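To keep things clear, I will list the structure first and then write my remarks on it.
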Amino acid sequence: MDAAIEQSNAPSAPVWAEELLGWFQTEQRPFPWRRRPQTPFRTWVSEVMLQQTRAETAATYFERFLACFPDVSALAAASQEEVLRVWEGLGYYARARNLHAAARLVVERYGGRLPRTECELRKLPGLGPYTAAAVASLAFGEPVPAMDGNVLRVMARFLALDHSVREAGVREYIRSVLAPVLRNVTPGPFNEALMELGALVCTPRGPRCGDCPLRTACRAHAEGRAAELPVRPPRRRIPHYAVAVGIVWKEGKVLIGRRRTDRMLGGLWEFPGGKVEPGESPVEAVVREIREETGIEVAVVDRLCTVKHAYTHFRVTLTAFECRWEAGQAVANSADCVRWVNPDDLADYPFPVANRRIIHALALRGGRQADGAGTCQNSSMGAW
DNA sequence: CAGACGTGGCT
DNA sequence: TAGCCAAGTCT
């Protein structure tokens with residue numbers, strides 16, 4: 001027909017974008033952050049929780065977190081420790097520390113109101129390229145693409161890109177494709193729809209192209225290689241460490257230390273201990289590590305449990321020993337601070353999951369370690 | 001820019 | 001079992 005007439009119309013969204021929005025309307029999952037009230041704060045919290053985290057996992061934490069901290073003011077008024085306690089088990093604890101710090105900034109600098117633009121949001125700690133765009137578009141309707149792992153994968157297939165989406169140039173290209181579309185759709189739902197499509201249909205492995213609203217426009221599908229894209233870099237092998245930790249008893253209390261905030265698991269508490277060095281037994285290691293870390297002398301009384309745990313870039317086998325304080329005053333040589341606490345109060349402190357398992361084993365064992373009670377009678381000690 | 005940074009689920 | 005993966009950010 002007459003192309004000139006078509007061009008004279010106001011720009012409209014491509015057909016595939018409308019198909020996507022229609023699909024999202026019927027197929028989206030009912031997550032708590034999609035229910036009312038949809039405040040910017042709730043959107044922000046959900047986006048941070050969803051970083052590198054399954055939506056089902058984030059959902060359970062989301063409800064509890066919002067019950068504890070219903071708005072920016074409540075979060076800003078809380079202590080970092082309270083926030084970490086609620087975040088415990090969700091991982092990537094820098095997210096919680098940054099979220100808390102950002103809430104305080106919002107109260108101090110923005111009168112308790114979240115900034116409304118991607119550009120301003122980007123200045124807050126914990127809001128990177130993705131989250132700033134996500135909050136700006138979902139909460140405030142700014143027409144900017146929110147490009148998370150789902151969107152990058154969907155678009156790498158949609159456009160049949162042969163280069164890794166980790167390359168900055170590839171991301172910029174995808175942005176250049178999406179940016180004009182965003183101006184002709186409702187930005188929030190469109191961004192959410194693209195992510196939901198990646199989560200439900202255009203999955204990393206075994207994409208369900210038969211159910212995809214974009215299949216007629218998808219280049220990878222047309223070429224029969226949706227499952228082969230996007231190209232992935234090879235994974236590195238991760239090391240495995242043996243770690244020994246001590247539950248050190250003194251006058252009915254046990255010793256814990258808080259990890260420095262700039263380290264892994266920063267701000268969380270843990271039992272003292274450390275890596276078992278080559279040629280060293282776990283018992284020798286725990287005595288040495290506790291001496292180095294806290295300055296006290298301990299004697300190993302019993303083995304409590306062994307916990308295997310996989311972190312992102314290494315694995316550990318943790319062996320926990322019950323120990324008796326022998327001499328010295330505990331000081332924080334490597335920790336942020338150390339504290340003797342009643343074992344019943346361990347529930348009040350944020351601990352990493354591996355340490356929480358040790359606490360669980362301690363509770364199952366029952367009883368208390370009386371001072372001076374318990375000697376190293378276990379005949380299997382030599383095997384440790 | 002590559003590596004650090006958690007955890008649980010699935011294969 | 002061990003690896004891969006899940007709505008990234010920071011340095």
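Because the structure is a prediction, the values reported are computed rather than measured. For the numbers below, each heavy atom of this structure counts, side chains included, while hydrogens, waters and symmetry mates do not. Proteins come first, then strands; the chains are lettered A, B, ... in the order of their sequence lines, and each starts at number 1.
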As a test of reading the structure: which of [options] is closest to the side chain of [X], going by heavy atoms?
{"X": "A:Arg357", "options": "C:dA7, B:dG8, B:dG6", "value": "B:dG8"}
{"X": "A:Tyr311", "options": "C:dA7, C:dT9, B:dT7", "value": "B:dT7"}
{"X": "A:Arg54", "options": "B:dG6, C:dA7, C:dC5", "value": "C:dC5"}
{"X": "A:Arg236", "options": "B:dG8, B:dG6, B:dG3", "value": "B:dG3"}

- Could you work out the separation of C:dC4 and B:dG3 based on their P atoms and round it to a whole Å?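 Here C:dC4 and B:dG3 have their P atoms 15 Å from each other.
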
- Separation between the P atoms of C:dA7 and B:dA4, rounded to whole Å: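 So the two P atoms sit 22 Å from each other.
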
According to a strict under-4.0 Å criterion, is [X] in side-chain N/O contact with OP1 or OP2 of [N]?
{"X": "A:His309", "N": "B:dG6", "value": "no"}
{"X": "A:His313", "N": "B:dG3", "value": "no"}
{"X": "A:Arg263", "N": "B:dC5", "value": "no"}
{"X": "A:Arg34", "N": "C:dA7", "value": "no"}
{"X": "A:Arg232", "N": "C:dC5", "value": "yes"}
{"X": "A:Arg315", "N": "C:dG3", "value": "yes"}
{"X": "A:Thr53", "N": "B:dG6", "value": "no"}

What nucleic acid atoms does [X] come within less than 4.0 Å of, heavy atoms only: base, sugar-phosphate, or nothing?
{"X": "A:Glu56", "result": "nothing"}
{"X": "A:Ser46", "result": "nothing"}
{"X": "A:Arg356", "result": "nothing"}
{"X": "A:Ala146", "result": "nothing"}
{"X": "A:Leu265", "result": "sugar-phosphate"}

What is the separation between atom [atom1] on [X] and atom [atom2] on [N], rounded to the nearest whole Å?
{"X": "A:His100", "N": "C:dT9", "atom1": "NE2", "atom2": "C1'", "result": "19 Å"}
{"X": "A:Lys308", "N": "C:dG3", "atom1": "NZ", "atom2": "P", "result": "13 Å"}
{"X": "A:Leu99", "N": "C:dT9", "atom1": "CG", "atom2": "P", "result": "13 Å"}
{"X": "A:Leu152", "N": "C:dA7", "atom1": "CG", "atom2": "C1'", "result": "11 Å"}
{"X": "A:Arg95", "N": "B:dT7", "atom1": "CZ", "atom2": "P", "result": "11 Å"}
{"X": "A:Asp262", "N": "C:dT9", "atom1": "CG", "atom2": "C1'", "result": "16 Å"}
{"X": "A:Tyr61", "N": "B:dG8", "atom1": "OH", "atom2": "C1'", "result": "10 Å"}
{"X": "A:Arg205", "N": "B:dG9", "atom1": "CZ", "atom2": "C1'", "result": "12 Å"}

- Item | A:Asp148 or A:Leu124, whichever maps to the more 5' nucleotide of DNA chain C |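 Closest to the 5' end, via its nearest nucleotide, is A:Asp148.
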
- Query: Of A:Trp33 and A:Gly126, whose nearest nucleotide on DNA chain C comes first from the 5' end?
  - Reply: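 Mapping each residue to its closest nucleotide by heavy atoms, the 5'-most match is A:Trp33.
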
- Query: Does A:Glu270 pair with A:Arg258 as a salt bridge, N-O distance under 4.0 Å?
  - Reply: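 Judged by the 4.0 Å cut-off on N to carboxylate O distance, A:Glu270 and A:Arg258 do not form a salt bridge.
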
- Give a yes or no on whether a salt bridge exists between A:Glu289 and A:Arg291, defined as a side-chain N under 4.0 angstrom from a carboxylate O.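 Between A:Arg291 and A:Glu289 there is no salt bridge, as every charged N stays at least 4.0 Å from the carboxylate O atoms.
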
Is the base of [N] touched by the side chain of [X] through a donor-acceptor pair closer than 3.5 angstrom?
{"X": "A:Thr312", "N": "B:dG6", "value": "yes"}
{"X": "A:Thr57", "N": "B:dG9", "value": "no"}
{"X": "A:Tyr92", "N": "B:dG6", "value": "yes"}
{"X": "A:Gln52", "N": "C:dG8", "value": "yes"}

Any idea how [X] and [Y] line up, ring-wise: parallel (<30°), tilted (30 to 60°), or perpendicular (>60°)?
{"X": "A:Trp33", "Y": "A:Phe62", "value": "perpendicular"}
{"X": "A:Phe158", "Y": "A:Trp16", "value": "tilted"}
{"X": "A:Tyr349", "Y": "A:Trp269", "value": "perpendicular"}

- Query: Quick check: does any side chain N or O of A:Arg97 sit under 3.5 Å from a backbone N or O of A:Thr261, one acting as donor and the other as acceptor?
  - Reply: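 Side chain of A:Arg97 to backbone of A:Thr261, a donor-acceptor pair under 3.5 Å: yes, one is there.
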
- Message: Here's a test of your reading of the structure: between A:Arg166 and A:Val353, which maps to the more 5' nucleotide of DNA chain B?
- Response: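 Its nearest nucleotide being more 5', the pick is A:Arg166.
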
- Taking the side chain as every heavy atom from C-beta outward, state whether A:Thr117 and A:Glu142 have any atom pair closer than 4.5 Å.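 The answer is yes; the side chains approach within 4.5 Å.
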
